[in-house]
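In this text, all values refer to a predicted model and were calculated from it rather than measured experimentally.
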Amino acid sequence: MLTLNLIPSPSPVAFSKSNPINASNPNLLSRAQNQRNLNCAFAFLNKPTSHFSKVPNFSRIHGYPLGFYSSITSQIQDSGVSSSKSRSFLAKAAAESNPEPEGETTEVSKPNKTLKLALVFGFWYFQNIVFNIYNKKALNVFPFPWLLASFQLFAGSVWMLVLWSLKLQPCPKISKPFIIALLGPALFHTIGHISACVSFSKVAVSFTHVIKSAEPVFAVVFSSFLGDIYPLKVWLSILPIVLGCSLAAVTEVSFNFGGLWGAMISNIGFVLRNIYSKKSLGDFKEVNGLNLYGWITIISLFYLFPVAIFVEGSQWIQGYHNAIAAVGKPSTFYFWVLLSGIFYHLYNQSSYQALDDISPLTFSVGNTMKRVVVIVASILVFRNPVRPLNALGSAIAIFGTFLYSQATAKKKVEGEKKN
């Protein structure tokens with residue numbers, strides 16, 4: 001005779017080794033079935049699978065709040081559960097161990113990914129075009145780029161503060177080392193932004209963007225001085241940039257040395273911002289690109305506005321009256337300035353989001369095409385005269401930018417694969 005104690009009871013249940021359990025005792029059958037279901041369920045759950053190993057917190061599989069799942073299992077182990085609950089629990093675990101085929105998920109997600117990519121690029125291009133058009137319209141009647149650049153940084157600062165206040169964007173933790181690390185990148189960002197605005201105020205938008213396409217040349221030169229090594233194809237790619245920009249500058253109808261130097265200094269400022277950011281912000285990788293840009297914008301505003309008052313503050317009142325007289329309606333002028341400020345921040349925000357969502361190769365192509373779209377749009381809106389050699393130089397410079405971006409993006413991808 002063997003003795004099996006299935007559940008706590010006053011007396012043990014005895015049965016013969018050779019005889020099966022008496023089917024006439026329904027309570028005994030039910031208790032045995034319950035115990036077998038529980039053993040099967042926990043044996044199944046303890047079996048290692050690749051699916052479960054990816055989930056650090058097992059309670060998330062079933063969607064229970066933290067601690068709720070553990071209380072359920074403890075009740076099962078302590079007091080026993082009905083057979084229907086055991087079967088339901090086992091069915092849930094079995095469903096988790098048999099996910100949908102990956103091919104079906106990929107087929108469903110491809111259209112969504114394509115649509116998302118189209119929306120990201122569409123908003124990015126549209127916002128960039130709107131900024132460049134209304135920024136130039138405002139500068140044509142109110143040629144004070146220092147104040148306008150300050151307002152654009154102000155609009156971006158307010159935008160980010162609203163996002164953080166409404167918790168639409170997680171606010172990063174602020175510390176003294178973080179602020180100190182931002183001071184350098186924000187200073188170079190300020191230099192790049194105000195220099196570009198000065199260039200926009202003196203020459204055509206298309207010419208400024210052609211000169212700004214030479215930014216890779218400065219990036220390679222400065223990075224090489226700091227010890228970075230570039231392959232030969234990267235150096236070769238900057239040659240058409242230099243040639244194209246030189247040809248475009250010589251044949252530009254609206255050529256102005258102030259506009260040329262403004263665009264060149266802008267390139268230097270943004271290149272140094274990127275280089276300095278890699279060195280000073282390496283310990284703050286948990287801060288995403290949008291939050292980083294938001295804080296750079298806020299600090300840049302404190303850099304720029306006091307200098308703007310010193311440089312051209314005494315002329316703002318008279319300039320404002322002249323702008324209103326030229327436009328006719330104050331609301332129209334306010335509308336232009338407001339759009340330039342809002343869309344300056346929005347197109348930068350979209351570029352950071354695009355960089356997070358797509359590969360470096362795709363981003364490089366999109367960034368090159370963005371410059372082409374902005375140049376064409378500005379020529380159509382402002383009807384700037386374009387000479388054949390000027391158009392050829394612009395095309396060569398932009399093509400060189402494309403070659404450079406492709407070469408450097410492939411280098412980054414190859415480096416990531418090696419790592």
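Side-chain atoms of Asn128 do not come within 3.5 Å of backbone N or O of Val374 as any donor-acceptor pair. Side chain of Ser280 to backbone of Ala181: a donor-acceptor contact under 3.5 angstrom is found. The backbone N or O of Gly192 sits nowhere less than 3.5 Å from a side-chain atom of Ser195 that would complete a donor-acceptor pair. Remark: side-chain polar atoms of Asn390 are not paired, donor with acceptor, to backbone N or O of Val386 under 3.5 angstrom. A donor-acceptor pair is defined here as one N or O able to donate and one able to accept, closer than 3.5 Å; such a pair exists between the side chain of Glu312 and the backbone of Trp146. With hydrogens and angles disregarded, a donor-acceptor distance shorter than 3.5 Å links the side chain of Ser237 to the backbone of Val234. Within the 3.5 Å criterion, the main-chain N or O of Gly328 finds no donor-acceptor partner in the side chain of Thr332.
In the model, Ser266 has a side-chain atom that pairs as donor or acceptor with a side-chain atom of Lys212 under 3.5 Å. A donor-acceptor contact closer than 3.5 angstrom links the side chains of Trp164 and Asn291. Side-chain polar atoms of Asn348 and Tyr293 form a donor-acceptor pair below 3.5 angstrom.
Around atom CZ of Phe126, no more than 12 heavy atoms belonging to other residues, nucleotides or ligands sit under 6.0 Å away. Sparse packing is recorded around OH of Tyr276, with 12 or fewer heavy atoms of other residues, nucleotides or ligands lying under 6.0 Å away. Counting non-hydrogen atoms of other residues, nucleotides and ligands closer than 6.0 Å to CH2 of Trp124 gives a total above 12.
Below 30°, between 30° and 60°, or above 60°: for Phe257 and Phe255 the angle between ring planes is above 60°, a perpendicular geometry. By the 30° and 60° cut-offs, the orientation of the rings of His193 relative to His189 is parallel. Relative ring orientation between Phe200 and His209 is described as tilted, the plane-to-plane angle lying within the 30° to 60° band. Using a 30° and 60° split on the angle between ring planes, Tyr344 and Phe131 fall in the tilted class, from 30° to 60°.
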Next item on the list: Show the numbers, then the answer: is there a side chain to side chain donor-acceptor pair (under 3.5 Å) between Thr208 and Ser199?
Entry: CA-CA 6 Å; Thr208 299; Ser199 178; 2.9 Å; yes
Check: Going through the distances and angles, do Val141 and Asn322 end up as a side chain to side chain contact (heavy atoms under 4.5 Å, CB included)?
Finding: CA-CA 7 Å; Val141 297; Asn322 294 338; over 6 Å; no
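Pairs engaging residues 379-389 under the side chain to side chain donor-acceptor pair (under 3.5 Å) rule: none recorded [sequence neighbours left out]. Sequence neighbours left out, the pairs with a member in residues 217-226 that pass side chain to side chain donor-acceptor pair (under 3.5 Å) are Ser223-Tyr230. Annotation: side chain to side chain donor-acceptor pair (under 3.5 Å) contacts involving residues 294-308, sequence neighbours excluded, comprise Thr190-Ser300.
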